[in-house]
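Within every chain, numbering begins at 1; the chains are lettered A, B, ... in the order of the sequence lines, protein sequences first and strands thereafter. Heavy-atom basis, side chains included; hydrogens, waters and symmetry copies ignored.
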Amino acid sequence: MVARKAFEPETRPDFFRDVYEVVKLIPRGRVTSYGAIAAYLGTKMSARMVGWAMNASPAGVPAHRVVNRNGLLTGKHHFPTPYTMQQLLEQEGIKVENDRVVDFKRVFWDPSGELP
DNA sequence: AACGTGACACAGC
DNA sequence: AGCTGTGCCACGT
């Protein structure tokens, strides 16, 4: 599990790796926000780092499922083509309109596991 | 070794 | 109401 402590003095946890694990855990047809991931890892890490992590996201990490709190596809510009992100999302059943996830609240997935 | 950058978020104005 | 400024912390130069 990725539920390790945010930062251990002795250990040097790869923030990125943790982020990747969380992102990989995002169910198909769902999205999450940078802030949610950051919060899950412990508010220590600012949401910006999540973005950086995505920047280095290796293959297998559905970065397209990570959007900003606004539901905006802020990172689409970083994909091979600006359409890639939207295409991937729509491919998973997520409707995207005007670079924004439709019913973002509905498809939003909380890394904590959608606690009841 | 320091400064600037960055796919965000929140408080203030 | 939206826009501006500040905080967050690792990575790149």
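Between the P atom of C:dA10 and the CE atom of A:Met54 lies a distance of 16 Å, rounded to the nearest Å. Atoms CZ (A:Arg65) and P (B:dA7) sit 22 Å apart, rounded to a whole Å. Remark: P of C:dC3 and CG of A:Asn70 are 12 Å apart, rounded to the nearest angstrom. Following rounding to the nearest Å, A:Arg17 (CZ) and C:dA10 (P) show an atom-to-atom distance of 17 Å. Separating the CZ atom of A:Arg69 from the P atom of C:dG7 is a distance of 21 Å, rounded to the nearest angstrom. Protein atom NE2 of A:His64 is 14 Å distant from nucleotide atom C1' of B:dA7, rounded to whole Å. Note: CG (A:Asn55) to C1' (C:dT13) measures 15 Å, nearest angstrom. Taking atom CG on A:Leu41 and atom C1' on C:dC9, their separation rounds to 13 Å, with Å as the unit.
Ranking B:dA7, C:dA10, C:dC8 by closeness to the A:Phe16 side chain, first place goes to C:dA10. Set against B:dA9, C:dA10, B:dA7, the side chain of A:Asn68 has B:dA9 as its closest nucleotide. The listed nucleotides are B:dA9, B:dA7, C:dA10; the one nearest the side chain of A:Ser33 is B:dA9. Nearest nucleotide to the side chain of A:Met49, out of B:dA9, B:dA7, B:dG6: B:dG6.
Counting heavy atoms from C-beta on, the side chains of A:Met85 and A:Val67 come closer than 4.5 Å.
In this structure, CG in A:Leu73 is found 11.5 Å from OG1 in A:Thr84, a value given to the nearest 0.5 Å. Distance CD/A:Gln87 to NZ/A:Lys76: 12.5 Å, rounded to 0.5 Å.
Among the heavy atoms of the strands lying under 4.0 Å from A:Ala63 is at least one base atom, whether or not backbone atoms are also near.
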Margin query: Is there a side-chain contact (heavy atoms from CB on, under 4.5 Å) between A:Phe16 and A:Met54? Walk through the geometry before answering.
Written below: CA-CA 8 Å; A:Phe16 290 28; A:Met54 296 291 99; over 6 Å; no
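Of the two residues near DNA chain B, A:Trp52 and A:Ala47, the one whose nearest nucleotide lies more 5' is A:Trp52.
Salt bridge A:Arg30/A:Glu92: absent, no basic N to carboxylate O contact under 4.0 Å.
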